[in-house]
Asker: 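Handing you this structure, nothing more for now.
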There are 2 protein chains.
Amino acid sequence: MAALSNLKITNHQITLVDQVEEKLLDYFRVMKLKPGDSIPKEQELADALGVGRSVLREALSRLRMFGLVETRTRRGMILTEPSILGGMKRVILPRILGDEALFDLLGFRVALEIGICELVYNNLNDKHLEDLENIVNRGVVFNYGEYTPVSEYEFHTKLYEITGNKTIMEFQEVIRPVSVFLKEKFKAYFLPVNMEIEKTGKRVTHMDLLDLLKKKDKKGFSQAMVKHFAPYYSFLRKKNHSNGNN
Amino acid sequence: MAALSNLKITNHQITLVDQVEEKLLDYFRVMKLKPGDSIPKEQELADALGVGRSVLREALSRLRMFGLVETRTRRGMILTEPSILGGMKRVILPRILGDEALFDLLGFRVALEIGICELVYNNLNDKHLEDLENIVNRGVVFNYGEYTPVSEYEFHTKLYEITGNKTIMEFQEVIRPVSVFLKEKFKAYFLPVNMEIEKTGKRVTHMDLLDLLKKKDKKGFSQAMVKHFAPYYSFLRKKNHSNGNN
DNA sequence: TTATCCTATTTGTCTGACAAATATAAAATA
DNA sequence: TATTTTATATTTGTCAGACAAATAGGATAA
């Protein structure tokens, strides 16, 4: 049923701070507080929860981190609208995350990028096409038909931007280091794949994608995007990569 | 260029805790620490950074929250592999997030769900088909051809599961409250849309999706998924929804 | 050699203190 | 009286010290 119930097997014992954090979030929920609403001062909260101010502050520190609460001296604390991916940003440290997590993130990114095709197509206007054209025209290919990281970045960032979805845009920024890191770490895999694609002329270029958008060919665009990401799909399908240090 | 550079305009002044948090993350990066590696004890870190132990602990509390560090009494602290979406889980509080953020999350979810089609298709095996069949067979429709939340949940969760991507699965769990909340809040929008779909016989059912998977019709499956989510797309296209309180 | 106990160390928590900032009240000025 | 300035009180940010609980590692006993 709940396939993910094993995610919360926290080995380390639950500390007071954890409990207070939970209690605070519950408090916000129960009181139906909204951004802008003020919450009691530290001492009051600490007393109400029966903990020291330091414990309360450690819990508050967590909530402050993703902008769920804001405090100004003497003015008390107010609830604010949190940054959804703010927390994620901090823990995306490719050198600390294990390969499995990194692969999952790459798969996540690729899936999302395919998934936005519909949104891109729905939102597309002439200004977007013009911008994309400029990006494609100044795009630089550096070896075996691969785009430079900057060109690649500009083009796909523009696609995200066209969706008009800020969370998706932010996600792209957060997850970029992972793609860059994996491409570098496993270049022994990607290089020959790219050479093969180049040789067989099967590459889907940014220009191709743009042309399909210009032609208002929705299905063609979606399918071309899938092809464009083919190297990643084949990479992810082979789960047993060596460490890339050969 | 950097379309998101305005994300960090933090109004509130940067506190010592924020700085220490940054310094700690830098320290991990620079020292190339990996999960399992131990880090200096609190007092040493505090002294090294020239701050009190309480400030250091507030920063550590944040890192502990996503499982980036773990501490055991007397045994010191060790780095651990963080939970990528752990932070996100905490701030997805539909009643606190604004409508724009909620819409963005819904769009994110729909895009991702469309995007996983390729991964689902790639990973699909007979056991998966059997499981899906069971889920579809015991699925319950409750009004105007709409599935009950449980049936809907089971089917789509299974699709996520087939991808074999833990981050994607976890994401589904995190974001579910948003879909549920929005569907309830804006049922005045969704109800007539669903009635219309039912009347015109254009509904793509879970059975339809399963049949396409059985037939190994990849393109058909992807396109059917887009149709299956049509109500959401049309909902998101109309940005100026009233508060749903009419 | 193995099992048990002791001690020192480290984290978790509490309390009290003070500086900095500022909302509010009080006082001074036009 | 209305407005500006000043003073006070309050609240957060930070530090320091204390102690309990847990336990690693050594000392001691079997």
Side-chain angles (χ1 to χ4, degrees), chain A residues 9-25 27-28 31 33 35-80 82 86, chain B residues 8-25 27-28 31 33 35-82 86:
Chain A
I9 41 168
T10 47
N11 191 4
H12 63 72
Q13 66 177 359
I14 293 155
T15 171
L16 254 186
V17 177
D18 296 318
Q19 295 173 47
V20 169
E21 184 204 336
E22 265 304 312
K23 287 257 175 92
L24 285 175
L25 289 174
Y27 173 75
F28 300 158
M31 301 292 279
L33 297 181
D37 292 349
S38 65
I39 51 183
K41 56 194 175 200
E42 291 182 353
Q43 196 58 62
E44 278 179 32
L45 286 172
D47 292 346
L49 293 166
V51 298
R53 194 158 79 100
S54 55
V55 167
L56 180 88
R57 280 186 60 83
E58 281 188 32
L60 278 176
S61 173
R62 296 177 175 182
L63 305 188
R64 253 193 294 274
M65 179 179 44
F66 14 68
L68 190 64
V69 305
E70 231 174 63
T71 71
R72 271 179 296 181
T73 312
R74 167 70 214 232
R75 230 190 138 184
M77 292 182 284
I78 58 169
L79 226 68
T80 49
Chain B
K8 58 182 67 132
I9 42 168
T10 47
N11 189 5
H12 63 74
Q13 65 177 358
I14 292 155
T15 171
L16 255 185
V17 177
D18 296 319
Q19 296 173 47
V20 169
E21 185 205 335
E22 265 304 312
K23 287 258 174 90
L24 286 175
L25 288 174
Y27 173 76
F28 299 157
M31 301 293 278
L33 297 181
D37 292 349
S38 65
I39 52 183
K41 57 193 174 200
E42 292 182 354
Q43 196 59 61
E44 280 179 30
L45 285 172
D47 292 346
L49 293 166
V51 297
R53 193 158 81 96
S54 55
V55 167
L56 179 87
R57 278 187 61 83
E58 281 189 31
L60 278 176
S61 174
R62 297 176 174 183
L63 305 187
R64 251 193 297 272
M65 181 180 42
F66 352 77
L68 190 64
V69 305
E70 228 173 67
T71 69
R72 272 179 296 183
T73 313
R74 167 70 214 232
R75 230 191 139 184
M77 291 181 285
I78 58 169
L79 226 67
T80 48
E81 185 163 344

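Every chain is numbered from 1, with letters handed out A, B, ... down the list of sequences. As the structure is a computational prediction, the values presented were derived from the model and not from experiment.
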Asker: Is the phosphate of D:dG13 approached by A:T71 (side-chain N or O, under 4.0 Å from OP1 or OP2)?
Answerer: yes
Asker: In whole angstroms, how far is the P atom of C:dA20 from the CZ atom of A:R72?
Answerer: 21 Å
Asker: First locate atom CE of B:M77, then atom CD of B:E70, and finally report the distance between them rounded to the nearest 0.5 Å.
Answerer: 12.0 Å
Asker: Could you measure the distance from the CG atom of A:L60 to the CZ atom of A:R53? Nearest 0.5 Å is fine.
Answerer: 10.0 Å
Asker: Figure out the CE/C1' separation between B:M77 and C:dT9, and round it to whole Å.
Answerer: 14 Å
Asker: Rounded off to whole Å, could you give me the CD-to-C1' distance for the A:E70 and D:dG13 pair?
Answerer: 15 Å
Asker: With a 4.0 Å cutoff (strictly under), does any side-chain N or O of B:T15 reach OP1 or OP2 of D:dT14?
Answerer: yes
Asker: How many angstroms lie between atom CD of A:E21 and atom CD1 of A:I14, to the nearest 0.5 angstrom?
Answerer: 11.5 Å
Asker: Can you tell which of C:dT13, D:dC15, D:dA24 lies closest to the side chain of B:L16?
Answerer: D:dC15
Asker: Can you tell me how far apart CD1 (B:I78) and CG (B:L33) are? Round to the nearest 0.5 Å.
Answerer: 12.0 Å
Asker: Please determine if a side-chain N or O atom of B:R57 lies less than 4.0 Å away from the OP1 or OP2 oxygen of C:dG12.
Answerer: yes
Asker: To the nearest 0.5 Å, what is the distance between OG1 on B:T80 and CG on B:L68?
Answerer: 6.0 Å
Asker: A:E58 CD to C:dG12 P: how many Å, rounded?
Answerer: 8 Å
Asker: Nearest-Å distance, CZ (A:R64) to C1' (D:dT14)?
Answerer: 12 Å
Asker: In whole angstrom, what separates A:E21's CD from C:dT13's P?
Answerer: 13 Å
Asker: Under the salt bridge (Lys or Arg N to Asp or Glu O under 4.0 Å) criterion, do B:D47 and B:K41 qualify, and how do the steps go?
Answerer: CA-CA 10 Å; B:D47 292 346; B:K41 57 193 174 200; over 6 Å; no
Asker: Does the side chain to side chain contact (heavy atoms under 4.5 Å, CB included) test come out yes or no for B:R64 and B:R57, once each step is laid out?
Answerer: CA-CA 10 Å; B:R64 251 193 297 272; B:R57 278 187 61 83; 4.1 Å; yes
Asker: Can you find a donor-acceptor N/O pair under 3.5 angstrom joining the side chain of B:R74 to the base of C:dA8?
Answerer: yes
Asker: By a strict heavy-atom criterion of less than 4.0 Å, which residues belonging to residues 39-55 of chain A are in contact with DNA chain D?
Answerer: A:K41, A:E42, A:R53
Asker: For the pair made of CG in B:L60 and C1' in C:dT10, what is the distance, rounded to whole Å?
Answerer: 13 Å
